[in-house]
Participant: 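Quick one: this structure, given as structure tokens, is what I'll be asking you about.
Proteins come first, then strands; the chains are lettered A, B, ... in the order of their sequence lines, and each starts at number 1. This one's a predicted model, so the numbers in the text were calculated from it and none came from an experiment. Values below: all heavy atoms of this structure, side chains included; hydrogens, waters and symmetry mates excluded.
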Number of protein chains: 2
Amino acid sequence: MDKKYLNIYNEILNKIENNYFKPNSKLPSENDLMREYNVSRATIRNALNLLEQNGYIQKIKGKGSFVLDIHKFNFPVSGLISFKELSKKIGLNANTILKELSVIKPDSYLMKQLQISGDEHVWKVIRVREIDNKKIILDKDYFNKKFVPLLTKDICEDSIYEYLESKLGLKISFAKKEITVQIATEDDKKYLDLEGYNMVVVVKSYIYLDDASLFQYSESRHRPDKFKFVDFARRNKEVMKG
Amino acid sequence: MDKKYLNIYNEILNKIENNYFKPNSKLPSENDLMREYNVSRATIRNALNLLEQNGYIQKIKGKGSFVLDIHKFNFPVSGLISFKELSKKIGLNANTILKELSVIKPDSYLMKQLQISGDEHVWKVIRVREIDNKKIILDKDYFNKKFVPLLTKDICEDSIYEYLESKLGLKISFAKKEITVQIATEDDKKYLDLEGYNMVVVVKSYIYLDDASLFQYSESRHRPDKFKFVDFARRNKEVMKG
DNA sequence: GAGTGGTCTAGACCACAAG
DNA sequence: TTGTGGTCTAGACCACTCT
């Protein structure tokens, strides 16, 4: 990767994670960093803005950039991160069981969710996620076959996202997610170890590629006591004008 | 407000919301916008990047900037938005009932949440939110008294945030939120119309000022069938390197 | 080849914070 | 007064898309 600002971003991020830059301490000023990395100020600002957006630092006009202390508590379920990335990050004893893998014609609900016609085909993937030997999450994923020509058992049991990004070269860009709580369905009771709970947390995701085409709809159904969603949000500038 | 890029941001946003720039259509190129507004390209890019961050457009290298079609479905509970701002935005018949307003010494739990010592004082505010005449949300807010010297009944029944931002000049900068589902407590049953549900959705928020000081901790407890959280997330660049 | 957004430079002036 | 980050300019070259 040749991009200077990304290299600088990663270098500073490493120093934060390795406690070289400590929480609540001040980073070198933008002018110092310019000299240290021999780049223009805009490049430094590009790197620092990315750090700020991702919640690692807070910039304060007239004072400097300060390292935030909140990431050590975070399970970043927020943002876009796959189950495999997540389980690796938090080091859980996790396991995936593939229950169904097929190509279907979408019903009217799915046509609406994926914004396609009934003539197109859709991959349907049903997986159960086991954590510490308990069936906690039921994932129902639907992929527009136009973008994903092939899926196999092996891919679904490993990481679909890794396959899509590395092998197919699809670039996942953004997602809309919706979290609600619902009464557990028969499917939920059949596939999950609900241990008496009669509700599930449902995370619906609409996932888009970098050309803004909708290629996946998914429902992730969680046992309520095991569900946790963490979000880092900045107050928007334009909201403050209202 | 003198900032050129914010003016341009708002002008383009208005044109998107008024359907002058239609969903899936292309915005004028950055060069066109430079000429139209008589500013440098960096200023245009500043405005467009803000639109992209907030999910209104998608930029595609070599092609252009395209208007996204997802905002019309959004209840933006995500981000940082107060109950009053929200109810105004979605036009609900909403009402706030103040149950408790007092200054307390924090117990050990609260000391940890607000990262303060037992010598400091904390405002405790308990409010019930009524929507369509049903008690749906129980809000428990705790403010570090160092930053909020005074609260009154009137302020709590109107909008605390408006008071903090407009009158006290506090600048709310970012928040960490955590969503879980819990068994309903006696308080939940006492204050809310739970209609048989025995669980509540709990949103814990840690809210920071622009100097990165933690000034508020709050728990928002929702009847599960009425809860909905919508999130717009972009896949991070540095994650893609991993 | 022409047009697009992505990165980068080398300046400038401003508002804000702190001694 | 000095140093900080925030905004802005006027260029430049690049990688990518489309025709």
Side-chain angles (χ1 to χ4, degrees), chain A residues 1-10 12 25-53 56-68 169-171 173-174 209-213 234-238 240-241, chain B residues 1-10 12 25-53 56-68 169-171 173-174 209-213 234-238 240-241:
Chain A
M1 189 77 74
D2 265 317
K3 292 168 192 167
K4 293 185 182 179
Y5 79 95
L6 270 187
N7 288 333
I8 297 170
Y9 169 88
N10 281 303
I12 296 177
S25 71
K26 194 159 86 72
L27 288 188
S29 75
E30 296 182 350
N31 280 309
D32 290 343
L33 292 170
M34 275 173 67
R35 283 184 284 273
E36 178 179 343
Y37 289 100
N38 261 300
V39 296
S40 73
R41 198 172 150 223
T43 300
I44 294 294
R45 286 179 58 75
N46 230 330
L48 293 185
N49 286 339
L50 204 51
L51 285 164
E52 185 177 35
Q53 275 170 41
Y56 293 103
I57 66 170
Q58 175 73 14
K59 304 175 87 176
I60 306 177
K61 194 196 294 192
K63 294 174 93 171
S65 299
F66 295 84
V67 180
L68 291 181
L170 294 183
K171 284 178 191 152
S173 174
F174 61 90
L209 300 176
D210 70 343
D211 64 352
S213 54
R234 289 193 176 273
R235 190 145 170 90
N236 282 333
K237 299 186 182 186
E238 91 287 359
M240 308 185 71
K241 295 191 58 177
Chain B
M1 188 76 74
D2 266 317
K3 293 170 193 167
K4 292 185 182 180
Y5 80 94
L6 270 187
N7 288 332
I8 296 170
Y9 168 89
N10 280 304
I12 295 177
S25 71
K26 194 159 86 72
L27 289 188
S29 75
E30 295 183 350
N31 281 309
D32 289 344
L33 291 169
M34 276 173 69
R35 283 185 284 272
E36 179 179 342
Y37 288 101
N38 261 300
V39 296
S40 73
R41 197 170 148 223
T43 301
I44 293 294
R45 286 180 58 75
N46 230 331
L48 294 186
N49 286 339
L50 205 50
L51 285 164
E52 185 177 36
Q53 275 170 40
Y56 293 104
I57 66 171
Q58 174 73 15
K59 304 175 87 176
I60 306 178
K61 194 196 294 193
K63 294 172 93 170
S65 299
F66 296 83
V67 180
L68 291 181
L170 294 183
K171 284 178 192 153
S173 175
F174 61 91
L209 300 176
D210 69 343
D211 65 352
S213 55
R234 286 190 179 275
R235 189 145 172 91
N236 282 333
K237 298 186 184 186
E238 90 287 0
M240 307 185 70
K241 293 190 59 176

Participant: Considering only heavy atoms from C-beta outward, does the side chain of A/L33 approach that of A/I8 to under 4.5 Å?
Facilitator: no

Participant: Below the 4.0 Å mark, does D/dG11 have OP1 or OP2 next to a side-chain nitrogen or oxygen of B/S40?
Facilitator: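 The answer is no; no side-chain N or O of B/S40 sits under 4.0 Å from OP1 or OP2.
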
Participant: Can you tell me if the side-chain N/O atoms of A/Y5 get under 4.0 Å from OP1 or OP2 in C/dC8?
Facilitator: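 It does not, given that no N or O in the side chain of A/Y5 lies less than 4.0 Å from OP1 or OP2 of C/dC8.
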
Participant: Are a donor atom and an acceptor atom from the side chains of A/S213 and A/D211 found within less than 3.5 Å of each other?
Facilitator: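 There is such a pair (donor and acceptor under 3.5 Å, judged by atom type) between the side chains of A/S213 and A/D211.
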
Participant: Can you check whether A/K4 reaches A/Y37 side chain to side chain, under 4.5 Å on heavy atoms?
Facilitator: no

Participant: Within the pair B/K63 and D/dC16, is there a side-chain N or O less than 4.0 Å away from OP1 or OP2?
Facilitator: no

Participant: If you find the nucleotide of DNA chain C closest to B/L27 and the one closest to B/A42, which residue's nucleotide is nearer the 5' end?
Facilitator: B/L27

Participant: Take B/V67 and B/L27 through the test side-chain contact (heavy atoms from CB on, under 4.5 Å) and record every step on the way to the result.
Facilitator: CA-CA 7 Å; B/V67 180; B/L27 289 188; 3.9 Å; yes

Participant: Judged by each residue's nearest nucleotide on DNA chain C, which is more toward the 5′ side, A/N46 or A/G62?
Facilitator: A/N46

Participant: Expressed as a whole number of angstroms, how long is the span from B/I44:CD1 to C/dT7:P?
Facilitator: 18 Å

Participant: Out of curiosity, A/L170 CG to A/D210 CG, how far, rounded to the nearest 0.5 Å?
Facilitator: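 Between A/L170 CG and A/D210 CG, I get 9.0 Å after rounding to 0.5 Å.
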
Participant: Provide, to the nearest angstrom, the distance between the OH atom belonging to B/Y9 and the P atom belonging to D/dT7.
Facilitator: 14 Å

Participant: Rounded to whole Å, please give me the gap between CG in A/D2 and C1' in C/dG6.
Facilitator: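 That distance rounds to 13 Å.
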
Participant: Rounded to the Å, how far apart are B/E30 CD and D/dC16 P?
Facilitator: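 Atom CD in B/E30 sits about 17 Å away from atom P in D/dC16.
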
Participant: Taking only the side-chain nitrogens and oxygens of B/R41, find out if one of them lies under 4.0 Å from OP1 or OP2 of D/dT9.
Facilitator: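 Checking D/dT9 against B/R41, no side-chain N or O comes under 4.0 Å of OP1 or OP2.
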
Participant: Taking only side-chain N and O atoms of B/T43, does any of them lie within less than 4.0 angstrom of OP1 or OP2 on D/dT9?
Facilitator: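 Yes, B/T43 has a side-chain N/O under 4.0 Å of OP1/OP2 on D/dT9.
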
Participant: Rounded to whole angstroms, how far apart are CG on B/L33 and C1' on C/dG5?
Facilitator: 12 Å

Participant: Could you tell me whether the phosphate oxygens of C/dG5, OP1 or OP2, come under 4.0 Å of any side-chain nitrogen or oxygen in B/K59?
Facilitator: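 Negative; the distance criterion is not met.
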
Participant: What's the closest nucleotide to the side chain of A/K4 if the choices are C/dC8, D/dG5, D/dC8?
Facilitator: C/dC8

Participant: Could you state the CZ-P distance from B/R45 to D/dA10, rounded to the nearest angstrom?
Facilitator: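 Value for this atom pair: 17 Å.
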
Participant: Measure the CG-CD distance between A/L50 and A/E52 for me, rounded to the nearest 0.5 Å.
Facilitator: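 If we round to the nearest 0.5 Å, A/L50:CG and A/E52:CD are 10.5 Å apart.
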
Participant: From CG of A/N31 over to C1' of D/dG6, roughly how many Å is that when rounded to an integer?
Facilitator: 13 Å

Participant: Using a cut-off of 4.0 Å on non-hydrogen atoms, how would the nucleic acid contact of A/I60 be classed: base, sugar-phosphate, or nothing?
Facilitator: sugar-phosphate

Participant: Kindly point out which of D/dC8, D/dT4, C/dG5 is positioned nearest to the side chain of B/S29?
Facilitator: C/dG5

Participant: Can you tell me which nucleotide in C/dG6, D/dG6, D/dT4 comes closest to the side chain of B/K61?
Facilitator: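 My answer, after comparing the listed nucleotides, is C/dG6.
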
Participant: So, is A/S65 near the phosphate of D/dT4, with a side-chain N or O under 4.0 Å from OP1 or OP2?
Facilitator: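 Looking at the OP1 and OP2 atoms of D/dT4, neither is under 4.0 Å from any side-chain N or O of A/S65.
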
Participant: Rounded to the Å, how far apart are A/R35 CZ and C/dG11 P?
Facilitator: 14 Å

